[in-house]
Amino acid sequence: MVGPASLLARTAVVWDALDEVLAAGGCDVLDIGGGTGVSAVRIAEQGHRVTVVDPSPDALAALGRRAAEAGAEITSQQGDLADLVDLVAADSFDLVLCHGVLEVVDDIPAALAAIGTVLRPGGALSLLVAQQHAAVVSRALAGHFGQARELLDDPGVPDGRHRSGRRFTVEGITRLLLDAGYAAPQVHGVRVFTDLVPGSLLDAEAGAGQGLLDLERAVAGRPEYQVLAAQLHLLARR
Ligand SMILES: C[S@@+](CC[C@H](N)C(=O)[O-])C[C@H]1O[C@@H](n2cnc3c(N)ncnc32)[C@H](O)[C@@H]1O
């Protein structure tokens, strides 16, 4: 079970990086595949102009409710990453979030190129993707050794119906970004230890949640731990 300390540790590394970009103030932000708007509302609450594009009408309805409850103004549009350049103007965003979406997209080079088109020069792409090697570790820790072995060299398949699909390595996703014309990205491992620590331990021990948070922040930028991370966060400038 995921408790509040765990929830904070799951997302802190991503928000540390985003907050640095957003510190410029008054940013135009696109959240592609923004879903129910957890990130979008948080960013809009800081005074930035936020647009969400997502193919799911249910997700957009939930986003509308979330934004209304928060009193946040968000522009939302139903649409697919594959059609992005027809949906929003070129060179119009300072920051594009693409979190948990590349796993299910068919043509990744085309998707990264489309995002590059709508970013302003010098704008930043925030990419959050599932990390390949963590899938092997989690299966092995659960005692599913055969499954772990099968996953060793299996990057997954894109699957729009499920949360997971394709998985990425640091080298693979970095190469895709460079080939699409982005500058070398900042790479952070996300959820290096958080998914491996029992929630009961965090709830039982005073200060354990903060300790885990500090540890996640300390290892996020260290390549030797990124192979354990459930997700990779990449911040790439156009
Ligand atoms: C795992 S959820 C992530 C939601 C949100 N970005 C977050 O991090 O909480 C994936 C989202 O991508 C959307 N999605 C799936 N295929 C897409 C596509 N081809 N183009 C844009 N969004 C897509 C889904 O509707 C869903 O809202």
Side-chain angles (χ1 to χ4, degrees), residues 2 6-19 21-22 29-46 48 50-67 69-70 72 74-88 93 95-119 124-132 134-135 138 156-168 173 176 180 188-191 194-195 229-236:
V2 178
S6 229
L7 276 177
L8 201 57
R10 287 168 74 88
T11 56
V13 166
V14 176
W15 283 105
D16 288 348
L18 288 179
D19 286 343
V21 176
L22 293 168
V29 180
L30 170 67
D31 193 354
I32 177 76
T36 60
V38 175
S39 302
V41 167
R42 177 167 169 166
I43 293 171
E45 283 180 315
Q46 295 171 27
H48 305 284
V50 183
T51 301
V52 172
V53 173
D54 197 289
S56 161
D58 290 345
L60 292 177
L63 158 72
R65 290 190 292 274
R66 190 189 296 279
E69 271 169 29
I74 290 178
T75 304
S76 67
Q77 196 169 350
Q78 192 178 353
D80 195 291
L81 179 47
D83 305 318
L84 188 61
V85 291
D86 300 322
L87 298 171
V88 297
F93 294 100
L95 172 66
V96 174
L97 271 62
C98 182
H99 290 181
V101 182
L102 278 200
E103 290 88 336
V104 298
V105 158
D106 288 326
D107 188 342
I108 294 179
L112 294 175
I115 292 172
T117 303
V118 305
L119 270 174
L125 164 60
S126 167
L127 204 53
L128 189 62
V129 294
Q131 200 271 126
Q132 163 76 21
S138 69
V157 290
D159 181 347
R161 289 167 301 150
H162 299 106
R163 258 193 81 84
S164 63
R166 198 188 275 110
R167 291 175 293 274
F168 298 82
I173 187 64
L176 284 162
H188 289 112
V190 180
R191 292 158 49 197
T194 300
D195 294 12
Q231 292 173 301
L232 298 171
H233 182 246
L234 298 102
L235 198 63

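We count ligands from 1, going down the list as the structure has it; atoms in each ligand are counted the same way.
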Flag, side chain of [X] to backbone of [Y], donor-acceptor distance under 3.5 Å:
X    : Y    : value
R191 : T11  : no
D107 : A110 : yes
R166 : L102 : yes
Q231 : A130 : no
D80  : P55  : no
R10  : T194 : no

* **Non-hydrogen atom of P55 closer than 4.0 Å to ligand 1** =>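 Contact present.
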* Asked: Would V38 count as a contact of ligand 1 if the rule is a heavy atom under 4.0 Å away?
  ->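 The answer is no, since V38 has no heavy atom less than 4.0 Å from ligand 1.
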Taking only heavy atoms of [X], which atoms of ligand 1 are found under 4.0 Å from at least one of them?
X    : value
G35  : 27 (O)
H99  : 3 (C), 5 (C), 6 (N), 8 (O)
G100 : 1 (C), 10 (C)
V101 : 12 (O), 22 (N), 23 (C)
V104 : 15 (C), 16 (N)
S56  : 25 (O)

* For ligand 1, note which part of D80 has a heavy atom under 4.0 Å away: side chain, backbone, both or neither. =>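 Both parts.
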* Asked: For ligand 1, is any non-hydrogen atom under 4.0 Å from L81's backbone (N, CA, C, O), its side chain (CB onward), both, or neither?
  ->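 Near ligand 1, L81 shows its backbone as well as its side chain.
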* Qualifying residues under side chain to side chain donor-acceptor pair (under 3.5 Å), relative to R65, sequence neighbours excluded ->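 R65 satisfies side chain to side chain donor-acceptor pair (under 3.5 Å) with no other residue.
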